[in-house]
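Here the structure is laid out as structure tokens; the discussion comes afterwards.
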Amino acid sequence: MSETQKQTDTAVDQMRVVRDRFNREIEATSVSGLLDRVHGHRYESPLLQRLAAKAVSKAEVSGNVRGDH
């Protein structure tokens, strides 16, 4: 296996570890907790900031802000 292939495998493995950790954290967080995180975070991208605001407002309107999973 070439050095480049080893580095690619390592990068892919690292991304999988990060993805799995995030998935576990998300699964362990309540809906209201996730919405608090999304609403409280200031994104650098205007598009991401608009999407976050839209997600929070839709959840509030639909009444999905509860303390359960």
Side-chain angles (χ1 to χ4, degrees):
M1 191 181 296
S2 70
E3 187 64 32
T4 303
Q5 184 64 35
K6 286 180 185 176
Q7 289 175 349
T8 301
D9 289 343
T10 301
V12 170
D13 291 338
Q14 289 174 352
M15 288 303 298
R16 286 179 179 151
V17 167
V18 170
R19 179 200 60 202
D20 293 343
R21 188 185 81 218
F22 282 146
N23 284 338
R24 285 190 303 274
E25 287 179 16
I26 290 168
E27 288 173 358
T29 305
S30 67
V31 172
S32 61
L34 287 173
L35 289 172
D36 287 344
R37 279 189 175 185
V38 168
H39 187 64
H41 186 75
R42 300 303 306 169
Y43 296 93
E44 290 183 23
S45 165
L47 173 64
L48 291 178
Q49 191 62 48
R50 284 193 309 271
L51 289 173
K54 193 173 190 178
V56 170
S57 66
K58 278 189 172 188
E60 289 172 348
V61 168
S62 67
N64 286 336
V65 181
R66 299 185 311 252
D68 58 347
H69 284 48

Quiz prompt | Gap between atom CD of Glu44 and atom CD of Gln49 - 0.5 Å precision | solution = 11.0 Å

Self-check item: From NZ (Lys58) to CG (Leu35), nearest 0.5 Å
Solution: 13.0 Å

Self-check item: With sequence neighbours excluded, residues passing salt bridge (Lys or Arg N to Asp or Glu O under 4.0 Å) with Arg16
Solution: Asp13

Quiz prompt | Distance (rounded to the nearest 0.5 Å) between Asp20 CG and Glu25 CD | solution = 11.5 Å

Practice problem: Measure the shortest side-chain to side-chain distance between Arg24 and Arg19 over non-hydrogen atoms and say whether it is less than 4.5 angstrom. | Solution: no

Self-check item: CZ/Arg42: more than 12 non-hydrogen atoms of other groups inside 6.0 Å
Solution: no

